[in-house]
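Starting from 1, each residue takes its place in the sequence as its number. These numbers were taken from a predicted model, which means no experiment stands behind them.
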Amino acid sequence: MTRLQLVFCDRSTPKYDGTFAVYEALADDLTARGIPREKIAFIHDARDDLARADLFHRARTGEIAVLIGSTEKMGTGTNVQDRAVALHHMDCPWRPADLEQREGRILRQGNQNRQVEVINYVTEGTYDAVMWQIVARKAAFIAQTKNTGASRTLADVEDDMTISAAAASAIATGDPRIIARAELVETVGNLTALRDAHHSLTGQARTRAALAAGSAQRDSATLAQVTALQARHRPNTGATTPTGTPLTDRVGAGTHIATTAMANAARLREGEIVPVLTYEGIPFEIHTSRVPRVDGSVRTTHHLTATGCPDITTRLDEHPTM
């Protein structure tokens, strides 16, 4: 089975004018080392969508052994991972996102290989060191930015891209202290993120505890009111008006409540109550609340409440008044 190797190079792409190009030089060298020229392809040779689709199909089916391209042309949308066994960075892109996009062509679902290789090529003492240092700094900055959201999770926040770029820079300069420094910076960043997450989660826990304490107090008060109502409850005794007039059924009781609420809607002041009926030993009353609106009207709401039990209440209606 022919396995696919991907080569990324953003500089010295094919010019097709006879001048030197890294792509052509690499293809010639690979051919000299035994890879048939027809199994080496340039992404730039696919000039339209149909040609790209055909190229990707041949890469997935093993007709192509080496596919060479730039990040721009062989990044997003390139689905050739099926047989990809190695990815080569011949140069360093300007952005960490480009580096990640490149490696996403092989490190993705659908790859049939259990293990793959990602290889960086750098030349000691050249501009390669500068490029990898730039990408390492950018990746570290992005990793720190991501870590500011660590309060949402305590998952591992290590950014492998930062270490990878620093490692390439260390090789290019011949100075292993660069990768040691990058690892220390990354460790400090991770610990800082975990500290911030701890402080955030601790604050959230305190807030929830305070809310729970307040809720418990309110629930205790409501429970006391319910207990008092149970003591006053007289089952099957029916309903009567405040003057003692019996109300024969629930429909009649409901009609009486509605009639009393409407009759007192206009005259009831804020906080004033009107006894409405006693149902199975429990007296009920009506009170009104009024809230001004932006348009100048007033929202009037009638409430039916068990006497002496302000938490045992229900809203009867709501309507605007001028």
Side-chain angles (χ1 to χ4, degrees), residues 142 144-154 193 196-322:
I142 293 171
Q144 290 175 355
T145 302
K146 291 179 179 178
N147 288 347
T148 59
S151 59
R152 295 189 294 269
T153 176
L154 289 178
D196 294 342
H198 171 72
H199 290 166
S200 176
L201 292 175
T202 300
Q204 293 175 16
R206 290 196 184 101
T207 300
R208 288 195 296 268
L211 292 173
S215 178
Q217 290 180 348
R218 291 190 298 272
D219 291 344
S220 295
T222 301
L223 178 60
Q225 295 174 21
V226 171
T227 302
L229 288 179
Q230 287 179 330
R232 296 157 63 181
H233 186 214
R234 301 292 181 267
N236 303 317
T237 57
T240 59
T241 66
T243 60
T245 304
L247 299 170
T248 57
D249 53 29
R250 291 187 177 184
V251 175
T255 301
H256 176 73
I257 292 172
T259 301
T260 304
M262 294 305 297
N264 292 277
R267 70 173 187 83
L268 276 179
R269 295 188 298 272
E270 185 79 20
E272 185 178 1
I273 62 173
V274 173
V276 62
L277 58 74
T278 297
Y279 183 75
E280 295 191 346
I282 300 174
F284 288 87
E285 61 195 23
I286 292 174
H287 67 92
T288 301
S289 63
R290 292 182 173 85
V291 179
R293 288 176 168 170
V294 176
D295 61 3
S297 64
V298 177
R299 186 182 68 187
T300 300
T301 306
H302 303 301
H303 304 271
L304 178 65
T305 303
T307 302
C309 302
D311 292 338
I312 313 300
T313 185
T314 184
R315 192 175 67 184
L316 293 176
D317 63 356
E318 177 182 312
H319 59 83
T321 58
M322 299 303 293

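- Listed for the His233 side chain is no donor-acceptor partner under 3.5 Å among the backbone atoms of Ile282.
- Judged by distance alone, with hydrogens and angles left aside, the side-chain atoms of Glu285 form no donor-acceptor pair with the main-chain N or O of Val274 at under 3.5 Å.
- Here the straight-line distance linking atom OG1 of Thr278 with atom CZ of Arg234 works out to 12.0 Å at 0.5 Å rounding.
- For the pair Thr259 (side chain) and Thr255 (backbone), a donor-acceptor distance under 3.5 Å is present.
- Taking OG1 of Thr240 as the reference point, atom OH of Tyr279 lies at 11.5 Å (rounded to 0.5 Å).
- Scored by the ring pair (Phe, Tyr, Trp, His ring centres under 6.0 Å) test, His287 finds His303 as partners (sequence neighbours excluded).
- Remark: Leu201 CG to Asp196 CG distance equals 11.0 Å, nearest 0.5 Å.
- In terms of heavy atoms, Leu229 sits closest to Ala306 at CD2-CB, 4.0 Å.
- Taking every heavy atom of both residues into account, His256 and Val276 meet most closely at NE2-O, 2.8 Å.
- Minimum heavy-atom separation, Gln225 to Pro310: OE1-N, 3.6 Å.
- A distance-only check finds a donor-acceptor pair linking the side chain of Thr227 to the backbone of Leu223 [under 3.5 Å].
- Taking OG1 from Thr307 and CD1 from Ile273, the interatomic distance works out to 6.5 Å, rounded to the nearest 0.5 Å.
- Across Pro235 and Glu280, no two heavy atoms sit closer than the pair CA-OE1, 3.9 Å.
- Nearest heavy atom pair, residue Pro275 against residue Pro242, reads O-CG, 3.5 Å.
- The main-chain N or O of Leu304 is found under 3.5 Å from a side-chain atom of Thr313 such that the two form a donor-acceptor pair.
- Of all non-hydrogen atoms in Pro283 and Gly281, the two that sit nearest each other are CD-O, 3.6 Å.
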